[in-house]
Amino acid sequence: MSFQKRTMKCGEPREEHVNQQITLNGWVQNVRNLGGLIFIDLRDRYGLMQLIIEPENQAELAQRATELKQEFVIWAKGTIRKREKPNQKMPTGYVEMLVSDYGIINRAELPPFEVSDDIETSEEIKLQYRYLDLRRPILQQKFIVRNQVYQILHKYYSDNDFLEVETPVLMKSTPEGARDFLVPSRINKGKFYALPQSPQLYKQILMVSGFDRYMQIVKCFRDEDLRSDRQPEFTQVDVEMSFVEIDDVLTMTEGAIRKIWKEVLGIEIEEKFRRMPYVEAMSKYGSDKPDLRYDLELKELTDAVKDCGFSVFADNIKAGGIVAALNAKGCAEFSRKKIDELTNLAKKYGAKGLAWMKFEKGEVNSPIAKFLNEQDIASIKEITKAEDGDLVLIVSDKWTRTYTVLGAIRIEIAKLSGIYDKIKDKFSFHWVTEFPLFEYDEEADRYVAMHHAFTSPMDEDLHNLDTAPDKVRAKAYDLVVNGAELGGGSIRIHDSHIQKRIFELMNLGEEEIEAKFGYFTKALKYGAPPHGGIALGLDRIVMTLCGTDNIRDVIAFPKTTSGLSLMDGCPSPVDNMQLAELAIKVIDEK
RNA sequence: GGAAUCGUAGCUCAGUUUGGUUAGAGCGCCUGCCUGUCACGCAGGAGGUCGCGAGUUCGAGUCUCGUCGGUUCCGCCA
């Protein structure tokens, strides 16, 4: 054997091991050669251990130690001894290992960046050398958490009679919703598989098959643009249950989340999460995934200003729009520049502008004050509960846009006013429910499913299906924590007639339905039980547990925002032979 | 599809506003010294395709256009 195997991990030695002979394997973090004394920090997944060589007694070892460099892989044998001056920053800092022998197992090139937690190396370099980046304890910790989450979920669902069943990765393309990644078929030239955006239809069919309770931790794929919290391949905790109503799915999910938070962070979460209808979430917080760690509620001003002299408000209301406001407490001191930045934010979200009113020293300072009479201003002040020192921000637009813009402003105000710093360590879980079943797609001039086309309408809204589809609410629910969507699900349609009706409302023709979803509606005709489920974003759960906003931190080998993997260079061209076998024509762009 | 921002030594960045001699700093690296360091210290040294390509100019790291790449956001993400 070319090396001596470890008898202990680098993170393990403590005072109780003093005088023990041990062998360690690991990576050289750092060498401090003081001439008459050499310190080596050795690192593995479990921690960092200080080794010491005393040249006075170990001339040969000291001689060889000069060749030790960062990230060399070594074995080292020696005796644990107590340190007179402990390093209290390290768990192993009360002891050190006096080296009696060691050997280099493998050398390493000089790394492009130091393998340490507090580096500020660019994302580009770190992703090129992802294997070095992943050696950093701060990143390894996140994968330890991720592994904990896998174990907890598997045990929890298994204990509750769920079966993990693998669904295909090569499946039929369903062009509703996100873009599919396509995989050409060699055997069936000109035809394509798609990678699953989610195993939605398979898990519903498993319910038809009587599997009753299904879960799977599964990779999903969406060929859409990336964000700091969005990757083209991501992991979902996919769950489906038969003979259930909304409560059953929510309760089961609450149990899973509580268990994770308890076991990973030691935090007790309330048994029942607050539930909030979509309309309330939007009109109070301007988001379908509101951050409820702080209040800052929005207020509607439509009635108060519908007859006012400011034509921007009045005309918009006449055209069916609304006016709403956010009272930024204590923000009257904001400079013109700061307010301009807020206006730009509002415009980014599609607003035409942002009206503002500063309440200071009993007076109102506002560019729109001259269009309003005293009664208007008094009403606005009363509804927004504005006091001296407050800044009221007002948006006037269509319902959804008004609230979406104010929702973005609300978050910005929370950041600017220091609210965010106070709530960093808090978790606020809740459900958003009663989503609209459809939303109108102006571009396509038709209704599209807001959640997905297999979501059941609420029973009490069924009568509206034919007359006012946009008023129909769905048996759908999203799990939200701290302003981020952790997952969502619904009770599904188990009646093939209702399913067909929904497809019709979405303006899908008979033939189109048959071609796209025929196999599925057919399955529903053979005894489908009532069923429903949920899909949780596993990456987002781990992100929340680890307190990171970046999904790349919790995925071992992530893509950049342009969808590239900088380490292995994919996607990459393939040679013409491969393309020919797939009957794909080479396009010569020259 | 769109916007913002960044790209200069192995790494992090200054220099670009207002074009002008030999492009700097910190860390790292190399050599030497050093017996209690733990961001070791001290002395010396090496190290550059200023992302890439055109253009303007007597002259471009600096100005213009294009292009590649990183990051963030809008659209998109049932």
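Side chains included, hydrogens not; waters and symmetry mates left out as well; all remaining heavy atoms used.
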Validation: residues 118-128 of chain A side-chain donor-acceptor distances under 3.5 Å, sequence neighbours left out:
residue	atom	partner	partner atom	Å
Asp118(A)	OD1	Ser116(A)	OG	2.7
Ser122(A)	OG	Ile125(A)	N	3.3
Glu123(A)	OE2	Arg552(A)	NE	2.8

d(CG, Asp118(A); C1', U12(B)) in whole Å: 12 Å
Closest non-hydrogen atom pair, Ile104(A) against Ile74(A): CA-CG2, 4.0 Å
Aromatic ring of Phe113(A) stacked on base six-ring of C11(B), 5.5 Å, 30°: no
Touch class at under 4.0 angstrom, heavy-atom based, for Arg401(A) against every strand present: nothing
Spacing of the P atoms in G7(B) and U12(B) (rounded, Å): 11 Å
Sugar-phosphate, base or nothing in reach of Gln200(A), heavy atoms under 4.0 Å: base
N-O pairing of Lys289(A) and Glu485(A) below 4.0 Å: no
Selection residues 195-208 of chain A - residue pairs positive for salt bridge (charged side-chain N to carboxylate O under 4.0 Å, His left out), sequence neighbours left out: Lys203(A)-Asp238(A), Lys203(A)-Glu240(A)
Contact list for RNA chain B against residues 55-71 of chain A - heavy-atom distance below 4.0 Å: Glu56(A), Lys69(A), Gln70(A)
Separation of atom CD in Glu224(A) from atom C1' in C77(B), rounded to whole Å: 5 Å
Close side-chain approach of Val405(A) to Arg401(A), heavy-atom, < 4.5 Å: yes
Pairwise C1' distance, U8(B) and A23(B) [rounded to whole Å]: 8 Å
Euclidean distance for P, A14(B) against C65(B) (whole angstrom): 22 Å
A25(B) pairs with, by Watson-Crick or G-U criteria that keep both distances under 3.5 Å: U12(B)
Interatomic distance, Met450(A) CE vs C77(B) P [rounded to whole Å]: 12 Å
5'-most by nearest nucleotide on RNA chain B - Glu120(A) or Arg83(A): Glu120(A)
Base partner of G36(B), which must satisfy Watson-Crick or wobble distances under 3.5 Å: none
U22(B) to A3(B) separation - P atoms, rounded to the nearest Å: 40 Å
Side chains of residues 336-354 of chain A: which donor-acceptor pairs under 3.5 Å do they make with residues two or more places apart or in other chains?
residue	atom	partner	partner atom	Å
Thr343(A)	OG1	Ile339(A)	O	2.9
Lys352(A)	NZ	Asp397(A)	OD2	3.2

Interatomic distance, Leu110(A) CG vs C27(B) P [rounded to whole Å]: 16 Å
Nearest-angstrom distance from the residue atom CG of Asp180(A) to C1' of C77(B): 13 Å
Gap in Å between the two C1' atoms, one belonging to G61(B) and one to G41(B), rounded: 36 Å
Salt bridge Asp225(A)-Arg230(A), side-chain N to carboxylate O under 4.0 Å: no
Sugar-phosphate, base or nothing in reach of Glu96(A), heavy atoms under 4.0 Å: base
Pairing nucleotide - U56(B), Watson-Crick or G-U, each distance under 3.5 Å: none
Minimum-distance pair of heavy atoms, taken over all atoms of Lys471(A) and Asp461(A): O-OD2, 3.7 Å
Ring geometry between His452(A) and Phe454(A) (parallel below 30°, tilted from 30 to 60°, perpendicular above 60°): tilted
Cation over ring face, Arg540(A) and Phe234(A), 6.0 Å, 45°: no
Atom C1', compared across G19(B) and C63(B): separation rounded to whole Å: 8 Å
Plane angle bin for Tyr278(A) and Trp399(A) - parallel if under 30°, tilted between 30 and 60°, otherwise perpendicular: tilted
Test applied, side chain to side chain contact (heavy atoms under 4.5 Å, CB included); reference residue, Cys10(A); option that passes from Met97(A), Arg45(A), Arg43(A), Met49(A): Met49(A)
Salt-bridge contact Asp101(A)-Arg64(A) (side-chain N to carboxylate O under 4.0 Å): yes
Please list, pair by pair, any protein nitrogen or oxygen found under 3.5 Å from a nitrogen or oxygen in nucleotides 39-43 of chain B.
residue	atom	partner	partner atom	Å
A39(B)	OP2	Lys89(A)	NZ	3.1
C40(B)	OP1	Asn30(A)	ND2	3.2
C40(B)	OP2	Asn30(A)	ND2	2.7
C40(B)	N4	Asn33(A)	O	2.8

Letter per nucleotide, 5' to 3', of nucleotides 68-74 of chain B [B base touched, S only sugar-phosphate touched, - untouched; heavy atoms, 4.0 Å]: -SSBSSB
Span that lies between the C1' atom of U62(B) and that of C74(B), in whole angstrom: 32 Å
Sugar-phosphate, base or nothing in reach of Ile38(A), heavy atoms under 4.0 Å: nothing
Protein-nucleotide distance (Gln128(A), atom CD; G7(B), atom P), rounded to Å: 17 Å
Distance, C1' atom - from C13(B) to C6(B), rounded to whole angstrom: 12 Å
Residue closer to the 5' end of RNA chain B, Gly36(A) versus Thr121(A) (nearest nucleotide): Thr121(A)
Lys126(A) NZ - C6(B) C1' separation (whole Å): 15 Å
Watson-Crick/G-U partner (both atom distances under 3.5 Å) of U31(B): A43(B)
Counter-base of U5(B), judged by Watson-Crick or G-U geometry with both distances under 3.5 Å: G70(B)
Ser287(A) OG to Leu298(A) CG distance, which is reported to the nearest 0.5 Å: 10.0 Å
Length of the line joining Met90(A):CE and G36(B):P, which is rounded to integer Å: 19 Å
